[in-house]
Every structure is written in structure tokens, then in C-alpha cells.
*Asks:* 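Dropping a structure here in C-alpha cells format, bear with me for questions.
Proteins get letters first, then strands, A, B, ... in listed order; numbering begins at 1 in each.
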2 protein chains.
Amino acid sequence: MDDLNRLIVGYLLRDGRATFQEIGDAVGLSAPAVKRRVDLMRARGEIAGFTAVVDPHVLGWEIEAYVEIFCHGNVSPDALARDLGTIPEVVEVATVTGDADAIVHVMAASMAGIEASVERIRASGRVERTRTSVVMSRVIDRPARPTGG
Amino acid sequence: MDDLNRLIVGYLLRDGRATFQEIGDAVGLSAPAVKRRVDLMRARGEIAGFTAVVDPHVLGWEIEAYVEIFCHGNVSPDALARDLGTIPEVVEVATVTGDADAIVHVMAASMAGIEASVERIRASGRVERTRTSVVMSRVIDRPARPTGG
DNA sequence: ACTGAAACTCCCGGGAA
DNA sequence: TTCCCGGGAGTTTCAGT
């Protein structure tokens, strides 16, 4: 991963549909050279793909919440992935330091969907209790952190 | 926002660099027809843009944290956006119900970067105290929630 | 449908191991 | 020499009107 690739990635983050020629002009490479590098990065998994950036409301995901989960004893990330991976509303899971064992980001079409998801989270394995913070308004949401996939 | 547009968006979420013709074949439209619809959705802001999906580590954002912030009195989303928008490491901000007033997602290149960001968050305006949960491992990170921008 | 432009695929040249 | 990487031209496909 050299600086040239970083430049190309930076360009693609700002405009995922930029032409290879356009990128090439920006970084000082020919279009085929850019394509080769992009193909390589895709093959290596450094670029997972390309996606449209969509207002979540458009997709019908109206409500979201952050659920802190507190577990019995130790939690392995693998177990978490296994237990929570089957819940479609679960969009993000990260084990964290501090009070909680993990933070789960949930998105659903309605409050009932959030409730059901939290219920499923509770039911899954070692979860002792949860603490839910429902999002009232999303103030900042930057593309700096691509969500992977 | 009709079903046809939803189909098109769905296709673009899976492949942000799909050609209009390819999308047209999938949804039963001609390429120009697809383009007109996509242009309209972009103009309306339903599609905010297109971006590459990148492994965050590749960009040098090695460490992330969730910072709950507790404020004096009321917090307006606008004020939050103004105060926190200038901190580049701040990737997500959402006002929430529950204990905290808002949850801030921070990504940085190092723990020092996280620390500096939290310091800046504290310094900005009405923040009374913060509670930081550093991410140990990101277990699930789904593309279902496009990150906006 | 038509025009211009971009993508894709060769093959070639130069520099480093 | 061998391998890697970038440049260039021809062909096909796509974008835009």
C-alpha cells in the first residue's frame, strides 16, 4: 500500500464513480495504470467494493439505536459475531473498554423493530443486561469511516 | 420514491460502479431511463453520492472509540454539529435518549489521536463530562447503513 | 438512434532485483 | 535475465443528447 494507492483510494472515497482517466489525471498516472492498481486493491481486499451513499430513511430504516451489552464473564468476539450476526437489524458490533462489553448499533423500520432486535440480543447467549440509547437525530455522519462490505 | 427507484438504489448499493445499462437490464429499463432516475435521486438528495468501501486500517485509522457526552442543560443538534464538525476524527454524532445526550464515534490513527479528539470534544462548548469506550475489536460492520456524504 | 468518450486488452519499453 | 510497473493504440462498450 504505497502513497499512490492511498491517493487513488482517497479519490474513490470522494467519488466512487470517478473514471480511471479522471483519477489518473489527479494522481499523475494513465487510465490503464489506475485500473490495474484498483483491480489489485480489490483483489487484495483493501477495497471491498463500491456503493451508493443513500439517505437511510429512503431504505425504510427510520429508527436506530445504540445498545450497550453487559455479559456474564468473558465474551469472545467470535461468539458475539455468531450470536448477533443472525439479527439483520444489527449493523455494527464492537467490543469495547469501559463499562459495557460491547456496543451494538441497530437500525430498524420502526420502534417495534428496535424493540424486537434488543429482545433478540438479550436472548442470545451470555447477555446479562443491555442499555439502549435511541437515536433522536443523527447530527454528523461522515464517509471517513466506510462501513465495510 | 417508487419501487423501481428502490430496485435501482438496491443495485447501486451492491455495486456503486455498475453501468446504467447493467442496472437497466436488471430492473427492466433502458440505460438512459435509469440515468434519468439516478440523476433525479441525486438531485433530490436521496442518493448523496458514491464511494469506495475500504478497510479502515488501510487508511491508517487504526483506533476508534465511542464517546458518550453529557451536557449542561439542553443541547441543540445544530450546536452539536457546529461544535463537533470541526474535529476531523469525529465520524458520527447522534443525539440519543437515555443517560447520555449524544454518542460520538471517533476514529484516529493512534490512541494519542483519540485522546486529543476527546479533549477537543470536552473543550467544545457545553460538554460537562464524557465517557469513552475504546473499541477493542470490531465484530460486525455491515454495509446496510451507508455512512452518508 | 447517434456521437463522443471511456473502458478493456493487448503489446511494448524502462528500471530494479 | 527476469520481473514488475507504467505508457500507448485499437477495439468494444458505455454515457449523454
*Asks:* Which residue pairs pass the salt bridge (Lys or Arg N to Asp or Glu O under 4.0 Å) test with at least one member in residues 103-128 of chain A, sequence neighbours excluded?
*Replies:* A:D83-A:R126
*Asks:* Enumerate the residues from residues 23-44 of chain A whose closest heavy atom to DNA chain C is under 4.0 Å, giving them by residue number; use none for an empty result.
*Replies:* A:P32, A:K35
*Asks:* Are a donor atom and an acceptor atom from the side chains of A:E68 and B:Y66 found within less than 3.5 Å of each other?
*Replies:* no
*Asks:* Between the main-chain N or O of B:A52 and the side-chain N or O of B:R17, is there a donor-acceptor pair closer than 3.5 Å?
*Replies:* no
*Asks:* Please state how far atom CD in A:Q21 lies from atom C1' in D:dT13, giving the value in whole angstrom units.
*Replies:* 15 Å
*Asks:* Got a sec, which residues hit salt bridge (charged side-chain N to carboxylate O under 4.0 Å, His left out) with B:D39, two or more places apart in sequence or on another chain?
*Replies:* B:K35
*Asks:* Looking only at side-chain atoms of B:F20, point me to the closest of D:dC14, D:dG6, D:dG16.
*Replies:* D:dG16
*Asks:* What do you reckon, is CG of B:N74 surrounded by more than 12 foreign heavy atoms closer than 6.0 Å?
*Replies:* no
